[in-house]
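One structure is given below, encoded as structure tokens.
In what follows, every heavy atom counts, from backbone to side chain, and hydrogens, waters and symmetry copies are set aside.
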Amino acid sequence: MKCTPLNQALCGTAVPVSALYSQKSCGVGEFSDLIPFADFCKKAGLRIIQLLPVNDTGTDSSPYNALSAFALHPLYICLDDIPEAHTFKTEIKKIRIAFEPHTPGERFRYRDILHEKNVLLHAVFNKSEKQIIADSQTGELAEWIEANPWIIEYAVFKNIKRQNYHASWKDWKECVGMRSPSTAKITAAWNDPVLKREHLFYAWVQMHLHKQLLKAVTYCADNGILVKGDIPILMNEDSVEVWAHPEYFRSDLRAGSPPDGDNPTGQNWGFPIYNWVNLKATGYRWWKDRLARASQYYHAFRLDHILGFFRIWAIPKGEMTGLLGKPIPYSEITIEDLKKAGFSEDRIRWMAEPHINTDIVQNAVNGDYLYAHGLLRKVADRIGTEELWLFKAGIQSESGLHRRGLPAKVETALRKKWTDRMLVKAGKDLHGNTVYTAAYLYRNTTAWRTLSEDEQRRFSLLVEEKETEQNKLWAAQAEDILSELCTFVDMQPCAEDLGAKPAALPEVLEKLQILSLRVFRWERRWAEPCCPFIPLQDYPKAAVAVTSVHDSSTMRGWWEQELSYTDMLSFFDALLIDGEMRTALCPIEGEKPAYTADLAAALLSALVKVPSIFAIFPIQDWLGLMIDELHTVKAQDERINIPGTVSESNWTYRLPLPIETLSKNKELTKRLRNITSLRHIGQTD
């Protein structure tokens with residue numbers, strides 16, 4: 001694909017493929033819809049289209065919950081563009097009519113559309129079965145299968161999953177012998193003449209998905225528009241890769257994030273972490289193959305949660321929160337370290353094992369002392385004759401505690417106590433001795449509060465020493481992995497580096513020429529009084545600047561629901577909006593104005609001048625320019641995802657109008673071009 005070089009300051013938009021809505025699509029965005037969308041972007045002066053991940057996620061609408069790192073999502077196939085489907089025009093039209101939106105802002109029905117598309121795909125395949133099977137032996141399909149060997153594992157996996165009503169591979173009742181298959185066993189299943197037909201169906205669908213996406217992105221490139229993909233760092237446990245290559249993963253640990261202001265107990269994402277030792281032994285071949293696949297379609301890629309390449313927050317399987325996680329890699333705290341710091345074995349046990357006071361349970365059962373003792377004996381051992389208990393050795397996690405069948409109030413109290421520890425067991429050393437890491441919130445624990453000031457000082461110094469060592473480990477790991485991956489493909493790497501950043505992150509990103517991510521609303525001088533917004537001119541060139549992300553509110557939602565009047569003034573300062581313009585936008589002193597098309601235009605016109613090489617704003621924020629025409633669409637209707645929630649509205653956002661209608665809106669495209677043409681004003685080389 002040929003396109004504009006990536007060393008120019010460009011302006012673009014972010015949109016999920018599923019959100020694209022054209023007169024041709026069947027209820028959900030399809031790869032072919034990128035073609036008319038590219039026409040719209042060209043008219044508007046938008047030179048980059050950033051997508052969310054497009055891999056198969058099965059029955060889950062989240063694009064970050066993939067069943068495969070290589071297979072594309074059947075949801076995005078354009079039925080009209082499949083040659084074998086030319087006799088199914090009536091059936092395709094029925095699907096289109098059944099799922100077309102009735103009002104702007106209406107969400108699409110993910111599972112229903114996916115089901116109907118799959119039913120029709122099977123019907124098309126069945127009708128052309130002989131031709132397709134012949135093609136798989138000597139024709140185009142045969143060549144495609146040979147060029148894409150990953151399809152073997154994927155097709156076998158999907159077929160067994162279908163037989164088991166989409167259950168996780170760990171719960172398969174049919175084909176039980178395929179729960180932990182060898183490569184030879186998977187290959188034998190692929191070649192089984194009885195199953196071959198079903199396997200070829202998945203290969204045939206994937207070939208057409210590849211052809212449609214490649215055609216669309218080639219069209220974008222031919223029209224001077226870059227396409228930026230999104231590579232999730234983690235894989236679903238119920239995925240082809242974890243099933244077929246368990247050696248690349250550590251299923252005893254789950255990835256997540258440590259506690260922060262929005263998540264006081266941290267997050268447990270439920271994904272297994274990577275076994276980087278085994279991956280490195282292969283030269284990171286699986287990761288390289290994954291990026292090579294993506295490079296067929298993209299000019300740039302967003303590397304999701306790049307902090308995880310430095311260190312991943314690893315949570316023991318069975319824990320429900322992120323409180324008892326640890327960074328991997330980590331610098332271990334040994335018993336010898338603790339003794340050198342002046343802590344006795346009793347003191348170490350006090351810091352490492354939660355001590356339960358009887359009254360914690362007694363208060364949860366209305367003061368019944370005997371009942372409290374009876375419940376405690378189920379999960380803990382008493383320390384002598386004290387009203388103090390330690391959890392039984394057989395309880396290894398919050399899930400283990402849950403399985404004891406305690407009353408809800410008691411379980412809640414004990415789960416809180418379970419995480420009340422300064423030291424988290426991290427494993428064993430070469431001599432079989434337990435090693436630890438410091439709990440992320442060790443200063444909030446009961447044990448910490450009972451230490452003397454001198455003990456607190458000594459422990460803090462030990463933690464600081466280990467953190468210094470860890471930062472070196474994180475930098476070394478990230479540079480080793482990312483230098484291998486980012487130089488392997490000809491795509492511009494862009495980091496999603498939100499969160500608690502390792503100290504070495506800026507240096508590693510600069511060295512490897514990876515663009516950082518800057519979200520305007522979060523770029524503030526947090527250590528200064530009132531936390532002023534960082535002036536736009538101070539943004540780095542090697543960055544992707546954005547108005548909002550898929551996990552946040554839109555710019556309109558932020559303005560209406562989250563931004564205070566004082567912060568608004570600080571934001572205006574950062575954008576150099578002052579004088580007559582500020583008075584025009586905010587005519588009533590002390591009152592934040594309503595979010596209008598004119599206000600959106602003023603903000604976008606300022607933000608687009610950011611010095612960062614890419615300014616990529618979500619399509620919803622650009623469409624704020626026609627908010628007056630779309631008055632029935634509320635800010636919450638524009639949001640893509642609300643983290644930590646499970647809802648049918650998550651990930652099912654759809655454009656409020658067909659792409660063709662937007663493209664024909666001369667006033668909209670004129671306003672967009674007027675703003676995007678400002679991109680180079682004030683920019684320096």
Side-chain angles (χ1 to χ4, degrees), residues 17-18 20-36 54-59 67-68 70-100 108-148 150-152 154-163 165-166 190 192-216:
V17 169
S18 58
L20 297 175
Y21 163 35
S22 77
Q23 294 167 349
K24 186 179 178 181
S25 55
C26 288
V28 68
E30 299 167 349
F31 289 141
S32 299
D33 292 326
L34 284 166
I35 293 174
V54 293
N55 296 100
D56 185 2
T57 60
T59 57
L67 294 181
S68 169
F70 298 92
L72 299 172
H73 205 314
L75 186 74
Y76 305 139
I77 200 163
C78 177
L79 299 167
D80 270 322
D81 288 352
I82 300 174
E84 296 92 340
H86 69 278
T87 60
F88 288 81
K89 298 296 183 184
T90 300
E91 290 83 354
I92 295 171
K93 185 177 181 180
K94 285 182 179 178
I95 295 176
R96 184 175 298 120
I97 293 172
F99 295 109
E100 65 182 1
F108 67 84
R109 290 150 54 190
Y110 176 86
R111 291 195 180 192
D112 292 339
I113 296 171
L114 179 60
H115 172 75
E116 292 301 326
K117 280 195 167 186
N118 274 325
V119 169
L120 190 55
L121 285 169
H122 277 283
V124 173
F125 180 87
N126 292 342
K127 187 170 183 179
S128 302
E129 180 181 338
K130 289 184 179 179
Q131 171 194 335
I132 294 170
I133 290 177
D135 191 43
S136 73
Q137 296 170 348
T138 58
E140 181 185 28
L141 183 55
E143 293 177 4
W144 187 86
I145 291 171
E146 185 176 358
N148 294 273
W150 57 265
I151 192 63
I152 294 174
Y154 171 77
V156 173
F157 178 83
K158 286 283 283 189
N159 190 41
I160 302 175
K161 197 168 182 63
R162 180 182 62 82
Q163 294 175 37
Y165 304 99
H166 305 291
W190 164 262
D192 187 333
V194 177
L195 302 173
K196 194 70 173 182
R197 176 185 177 281
E198 284 79 5
H199 296 153
L200 288 176
F201 166 77
Y202 295 107
W204 170 76
V205 170
Q206 285 297 317
M207 180 186 72
H208 281 298
L209 283 162
H210 162 73
K211 290 172 66 176
Q212 290 183 9
L213 179 54
L214 187 61
K215 178 182 177 181

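- Taking each heavy atom of Glu30 and Leu75 in turn, the nearest pair found is CG-O, 4.4 Å.
- Counting heavy atoms from C-beta on, the side chains of Phe70 and Gln206 never come closer than 4.5 Å.
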Problem - Derivation of the salt bridge (Lys or Arg N to Asp or Glu O under 4.0 Å) call for Asp81 and Lys215 - result: CA-CA 11 Å; Asp81 288 352; Lys215 178 182 177 181; 5.2 Å; no
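- In terms of heavy atoms, Asn55 sits closest to Ser68 at CB-O, 3.3 Å.
- For the pair Arg162 and Tyr202, the minimum side-chain heavy-atom distance is below 4.5 Å.
- Side chains of Lys117 and Val28 form a contact here, defined as non-hydrogen atoms less than 4.5 Å apart.
- Using a distance-only test at 3.5 Å, with no hydrogens or angles considered, no donor-acceptor pair links the side chain of Gln137 to the main chain of Ala142.
- Counting heavy atoms from C-beta on, the side chains of Leu121 and Phe201 come closer than 4.5 Å.
- Put simply, the side chain of Arg96 never gets that close to the backbone of Gly27: no donor and acceptor are under 3.5 Å apart.
- Every residue two or more places apart in sequence or in another chain that forms a ring pair (Phe, Tyr, Trp, His ring centres under 6.0 Å) with His199 is listed here: Trp190.
- Tyr154 pairs with exactly one of Asn159, Asp56, Asn148 by the side chain to side chain donor-acceptor pair (under 3.5 Å) rule, that one being Asp56.
- Side-chain contact between Leu72 and Phe31: present, with at least one pair of heavy atoms (C-beta onward) separated by less than 4.5 Å.
- Side-chain contact between Glu100 and Phe108: absent, with no pair of heavy atoms (C-beta onward) separated by less than 4.5 Å.
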Exercise for the section: Show your reasoning for whether side-chain hydrogen bond (donor to acceptor under 3.5 Å, both in side chains) applies to Trp204 and Glu84. Expected result: CA-CA 11 Å; Trp204 170 76; Glu84 296 92 340; 3.2 Å; yes
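- Counting heavy atoms from C-beta outward, Ile95 and Leu120 have side chains that approach closer than 4.5 Å.
- Contact detail for Cys26 and Leu79: the closest heavy-atom pair is SG-CD1, 4.3 Å.
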Practice task
Could you check Thr87 against Lys127 for side-chain hydrogen bond (donor to acceptor under 3.5 Å, both in side chains), going step by step and ending with a plain yes or no?
Solution key: CA-CA 10 Å; Thr87 60; Lys127 187 170 183 179; 3.1 Å; yes
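- The shortest side-chain heavy-atom distance between Ser25 and Leu20 does not fall under the 4.5 Å cut-off.
- Annotation: Tyr76 is in aromatic contact with His73 [ring centroid separation under 6.0 Å].
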Handout entry: Stepwise side-chain contact (heavy atoms from CB on, under 4.5 Å) check, Ile82 with Ile77
Key = CA-CA 9 Å; Ile82 300 174; Ile77 200 163; 3.7 Å; yes
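- Shown here for Ala216 and Leu34, the closest heavy-atom pair between the two residues is CB-CB, 3.8 Å.
- Side chain of Asp33 to backbone of Tyr21: no donor-acceptor contact under 3.5 angstrom is found.
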Practice task
Any chance you could lay out the side-chain contact (heavy atoms from CB on, under 4.5 Å) test for Glu129 and Ile133, step after step, and finish with the verdict?
Solution key: CA-CA 6 Å; Glu129 180 181 338; Ile133 290 177; 3.6 Å; yes
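- Using modelled atom types, one side-chain atom of His86 and one backbone atom of Pro83 make a donor-acceptor pair closer than 3.5 Å.
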